[in-house]
Amino acid sequence: MAHANSTSHGSNYLNHEKGLWSWLTTVDHKRIGLMYLATVLTYFLVGGIFALLIRLELFTPGGGNLITAQTYNRFFTYHGAIMVFLVIIPAIPGSIGNFVLPMMVGAKDVAFPKLNLFSYYVYLAGGIFATLALFLGGADTGWTFYTPYSIRTSGAVILVVFGAFIAGFASILTALNFIITIHKLRAQGQSWSRLPLLCWSLYATSVIQILATPVLAITLALLIFERVFKIGIFDPALGGDAVLFQHFFWFYSHPAVYIMILPAMGVISEIIPVFSRKPIFGYKAIALASFGIALVAFIVWGHHMFVTGQSELANFVFSLLTMFVAVPTGVKVFSWVGTMYKGSLTFNAPMKYAMGFIELFTIGGLTGVFLATLPIDVHLTDTYFVIAHFHYVMVGGTIMGFVGGMHYWFPKVTGKMYNESSASVAFWLILLGFNLTFFPQFIAGAQGMPRRYWSYLPEFTLMNQLSTIGSWFLAVGFAWTAIYMIRDARKGPKAGDNPWGAGTLEWQSPSPPPHDNFPVDPVVTTWPYDYRGIKI
Amino acid sequence: MLFREAYALGLPSQGTDVAVIWDHLYLFLLWLSVFFFILVVGGMLYFAVKYKKSSGAKPKYIVDNHALELFWTIVPTILLLVIFGWGWSVYKKMVHAPTNAMEIRVIGKQWLWNFQYDDGRVLTNEVYVPQNVPVKFVMSSEDVIHGFFIPNFRVKSDVVPGMFTTIWFEAKQAGEHQVFCTEYCGASHSLMLAKVKVLEADKWEAFKRGKPVQVTGAKPEASLTQLSLPEQGAKLVAAKGCNACHNATGDAGGIGPTYKGLFGHDVELADGSTVKADENYIRESIMTPTAKIVKGYNPVMPPFQGIVNETEMNAIIAYIKSLQ
């Protein structure tokens, strides 16, 4: 393994060129990663504000204490659409993936740097387009856009879906870049079996993005044909089939769920071995499980539709196939816990978030088995149980992985170290706030409280009030994280090149890395998860 | 029963035999999940304490263990197949109505439920059914997709325009059971509620003959004849689903205009003209609502021609008159 370079005090990617224009026109994957990060976090703030307003309205059972029903319906649509299409899908691949993946394979940049910048602007354009359509057109369909409601309501559904599609096109371009970078630009000596697990999971994610996103485009085209030429496709009033839209929608959006979670699993697979000082347990199984999940992702969309009047045979097949999602997922979780066995554990913020991920994702995964079981789903679907389930997976999983990754690579990105006790306070606020917000929703859902309700019956009051109070803890936790991260990026102590003693290539470069990533082209002589030769 | 009370955190009451077998499967999954949660998260926390970094200890170099990995792949697979099989057997009981089931047709529209009986009666937002008799709902929608959900019976189905879907149940508990709309259908989705009212055999016979019945467990209701005309109207607008869009508070922000201060005043219409809100205006607005659209509101109200009779119309008008 190449020797770690001593911290260079000279040129790095942050001061290589100066001025706003040099950022807006950069083709440096590290800068593009930071631009993605800033954009994703801006949308996260906007989507989060809508979430807080929704929870505030739900503090009391009768509707209308804060906002009218129509406003409420728009707010949950804004919240869902922004968080899914503009935050969770691009969050980890766009920011962490862009920054880290080329360095992990020892490359100077991604395979097509200009395409990478282009894909950022495509994402930005799609985001602005969708946001304008949401606010100006006033979509109130929910992020799922189900027909025929979405055809009949006055909102700008086609424009919103178009925005989501543009943003999806950006993911296709990023995915292509990642796949080709992994295939073509790996450092000398980095065989496939030495590829870091984050790269494996981003690879699997990229495959899904390339194959699934076009279906969203087809759906969009059909919606436009229906609206413009009055061809009956989804609207029964024109002779169409209302449920067909759901098939198309979930054929994209179910794989999209794995687009959202797989990168976070990759981040967790990097963090746990480093802070256990022990190799990742079952490297091959974890890498294979990513592809197992990616494969199954395409053949389980019907489990969103168990009560839509879909045939019993279809329900039988989709329920059975969905059960198999739990197998590779379980393998990953067991392997992460197994990695900690007989390690030498330290609990810096990244490790805290990784363990928080395991706690929340386990609950999210186990409740997924409830929903995969046909009769159980009949009662629970379209209730708050489903809301709780996917927030445990998407926020408890993806966002915990994302925030954990932000702490883990913080010293590499900024060259500074964040304050550990500040991070600890934020972590406990977020973990407790999250459980307080979403665990009561499982109970409300099992009791029968339907989702997307502006007004609810008094028997659900307690669970809703706990949930609303939890949302304030979450908000404070995230706000505090933003504050100390900005503070420490400017004024934190110098971090050193490899403060965690990690084995992947990005840590062999100075912090922050130079424009070309490595002063000398790295050569890989060992597996990235062997820490026996690394001193902290 | 004690088992259920203590462990079935938050489940609704068991209104049918299907609900009982549903709860068995749910509780099995719940406790299996608790087991796996303790195994994974408990194991993680145990390791966190036991293998916390200490000066003397060196981490052990372990890369994998094929036997263990095979074990934690195969055992969950078998468990999941068992869960699937158990689920399928419950599901079949849940969706296959006995052939002798009594049929009632359900029509969903924004934002109320109509129940259509064999004898031609149509009830809104309430449906009376006999106890211990299998009942099948044949459901369709007049506009967008709705969802029909009775938590106490553990049954739910979307109600889809352009096709029929069905649910069935054999109610064991006399009394009222809540119905929710579970597929988002627009502004008043959360107010699209109804009640299934399960009647003992003798009350069911009375209901069939058109006699008023007292539902077990429900608050005794004054019969309509004991109420003043405006009070009758207030009950009717609640029962017919009018309150999903209209209110008596004077708040103009609803889906439809408020009742308060309407009668006798000028109403500005979408085409710019004005009309005085008298008896005939209110009748027309209920029977054929799209004839005159009030400025600032959308033409979304369904017609109530054939649903509201003359006696009821007079009561509703009297109610609106009383809200000045």
Side-chain angles (χ1 to χ4, degrees), chain A residues 63 68-70 73 142 146 148-149 152-153 236 242-243 276-279 281-282 285 307-309 312 316 319-320 323 326-327 330-331 333-334 337 340-346 355 358-359 362-363 366 369-370 373-376 378-379 381-382 443 446-448 450 452-456 532, chain B residues 9-12 22 25-26 29 33 36-37 40-41 43-44 47-48 51-53 57-64 69 72-73 76-77 80-81 83-84 87-88 90-91 94-95 144-145 147 149 151 154-158 160-163 165 180 182-191 253:
Chain A
T68 64
Q70 287 107 317
N73 295 340
Y146 275 11
Y149 182 73
R152 293 174 184 211
T153 184
V243 179
S276 302
R277 310 311 300 156
K278 196 168 150 280
F281 185 89
V307 302
T308 56
E312 275 177 47
F316 180 96
S319 173
L320 184 61
M323 291 292 172
V327 177
V331 166
V333 172
F334 294 137
V337 176
M340 294 167 66
Y341 172 72
K342 293 201 170 173
S344 172
L345 308 176
T346 48
M355 291 171 70
I358 291 177
E359 190 255 321
T362 300
I363 294 177
L366 288 168
V369 176
F370 283 69
T373 310
L374 264 176
I376 302 297
V378 169
H379 177 74
T381 188
D382 292 324
I443 299 169
Q447 284 176 338
R452 295 174 171 175
Y453 263 34
W454 162 73
S455 147
Y456 56 85
R532 287 173 299 187
Chain B
L9 195 64
L11 287 182
W22 189 94
L25 177 54
Y26 178 86
L29 287 175
S33 298
F36 273 100
F37 180 80
V40 170
V41 178
M44 176 180 82
F47 291 165
Y51 303 114
K52 190 167 184 280
K53 185 182 178 182
K58 269 189 74 175
K60 206 164 157 75
Y61 191 84
I62 307 168
V63 174
D64 54 18
E69 289 175 67
W72 70 37
T73 308
T77 306
L80 288 162
L81 288 174
I83 293 167
F84 171 77
W88 179 248
V90 173
Y91 180 72
M94 204 176 205
V95 295
V144 300
I145 302 178
F149 177 33
R154 313 287 187 274
V155 291
K156 178 189 290 140
S157 174
D158 283 358
V160 184
M163 67 187 271
T165 54
F180 295 109
T182 45
E183 191 62 64
Y184 173 67
C185 57
S188 291
H189 168 55
S190 63
L191 303 174

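Within every chain, numbering begins at 1; the chains are lettered A, B, ... in the order of the sequence lines, protein sequences first and strands thereafter.
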For [X] and [Y], which heavy atoms make the closest approach, and how far apart are they?
{"X": "A:Ala326", "Y": "B:Leu80", "result": "CB-CD1, 3.6 Å"}
{"X": "B:Lys156", "Y": "A:Val307", "result": "O-CG1, 3.9 Å"}
{"X": "A:Ala446", "Y": "B:Tyr26", "result": "CB-OH, 3.6 Å"}
{"X": "A:Tyr149", "Y": "B:Val144", "result": "CA-CG1, 3.6 Å"}
{"X": "B:Phe37", "Y": "A:Ile363", "result": "CE1-CG1, 3.5 Å"}
{"X": "B:Ser33", "Y": "A:Phe370", "result": "OG-CE1, 3.2 Å"}

Backbone N or O of [Y] within a donor-acceptor pair of the [X] side chain at under 3.5 Å?
{"X": "B:Ser190", "Y": "A:Ser455", "answer": "yes"}
{"X": "B:Trp22", "Y": "A:Pro375", "answer": "yes"}
{"X": "B:Lys52", "Y": "A:Leu345", "answer": "no"}

Against chain A, label [X] side chain, backbone, both or neither, depending on which of its atoms sit under 4.5 Å from a heavy atom there.
{"X": "B:Val41", "answer": "side chain"}
{"X": "B:Leu29", "answer": "both"}
{"X": "B:Val160", "answer": "side chain"}
{"X": "B:Met44", "answer": "both"}

Side chains of [X] and [Y]: does their closest heavy-atom pair fall under 4.5 Å?
{"X": "A:Phe281", "Y": "B:Glu69", "value": "yes"}
{"X": "A:Lys278", "Y": "B:Ile62", "value": "yes"}
{"X": "B:Ser188", "Y": "A:Trp454", "value": "no"}
{"X": "B:Val40", "Y": "A:Phe334", "value": "yes"}
{"X": "A:Val378", "Y": "B:Met94", "value": "yes"}
{"X": "B:Val95", "Y": "A:Glu312", "value": "yes"}
{"X": "A:Leu320", "Y": "B:Leu81", "value": "yes"}

Proximal component of [X], with respect to chain B [non-hydrogen, under 4.5 Å]:
{"X": "A:Thr68", "result": "side chain"}
{"X": "A:Ser276", "result": "backbone"}
{"X": "A:Val333", "result": "side chain"}
{"X": "A:Pro236", "result": "side chain"}
{"X": "A:Thr362", "result": "side chain"}

Using a distance-only test with no angle check, is there a side-chain donor-acceptor pair under 3.5 angstrom linking B:Tyr184 and A:Asp382? no
Which of [options] touches chain A most, by non-hydrogen pairs under 4.5 Å:
{"options": "B:Pro59, B:Gly147, B:Gly87, B:Gly43", "result": "B:Pro59"}
{"options": "B:Phe36, B:Phe180, B:Trp72", "result": "B:Trp72"}
{"options": "B:Ile83, B:Thr165, B:Val63, B:Leu191", "result": "B:Val63"}
{"options": "B:Ser157, B:Gly162, B:Gly186", "result": "B:Gly186"}

Can you tell me which of A:Gly309, A:Ala285, A:Gly282, A:Gly330 forms the most heavy-atom pairs within a distance under 4.5 Å of chain B? A:Gly282
Chain B shares the most heavy-atom pairs under 4.5 Å, among A:Gly142, A:Ser319, A:Pro279, A:Ala242, with A:Pro279
Could you check whether the rings of B:Tyr51 and A:Tyr341 sit parallel, tilted or perpendicular, using 30° and 60° as the cut-offs? perpendicular
Look at the aromatic rings of B:Trp88 and A:Phe316 and report parallel, tilted or perpendicular, splitting at 30° and 60°. perpendicular
Kindly write out the residues that satisfy side-chain hydrogen bond (donor to acceptor under 3.5 Å, both in side chains) with A:Glu359, not counting sequence neighbours, or none if the list is empty. A:Asn435
Can you list the steps and then say if B:Leu11 with A:Gln447 is a side-chain contact (heavy atoms from CB on, under 4.5 Å)? CA-CA 5 Å; B:Leu11 287 182; A:Gln447 284 176 338; over 6 Å; no
Before giving the answer on ring pair (Phe, Tyr, Trp, His ring centres under 6.0 Å), spell out for B:Phe149 and A:His379 the whole-Å C-alpha distance, their side-chain angles and the decisive distance to 0.1 Å. CA-CA 8 Å; B:Phe149 177 33; A:His379 177 74; 5.2 Å; yes
Report the C-alpha separation of B:Glu183 and A:Tyr146 in whole Å, then their side-chain angles, then the decisive distance to 0.1 Å, and conclude whether the side-chain contact (heavy atoms from CB on, under 4.5 Å) test is met. CA-CA 10 Å; B:Glu183 191 62 64; A:Tyr146 275 11; 3.4 Å; yes
Please list, chain by chain and in numerical order, all residues satisfying ring pair (Phe, Tyr, Trp, His ring centres under 6.0 Å) with B:Tyr61, sequence neighbours excluded. none
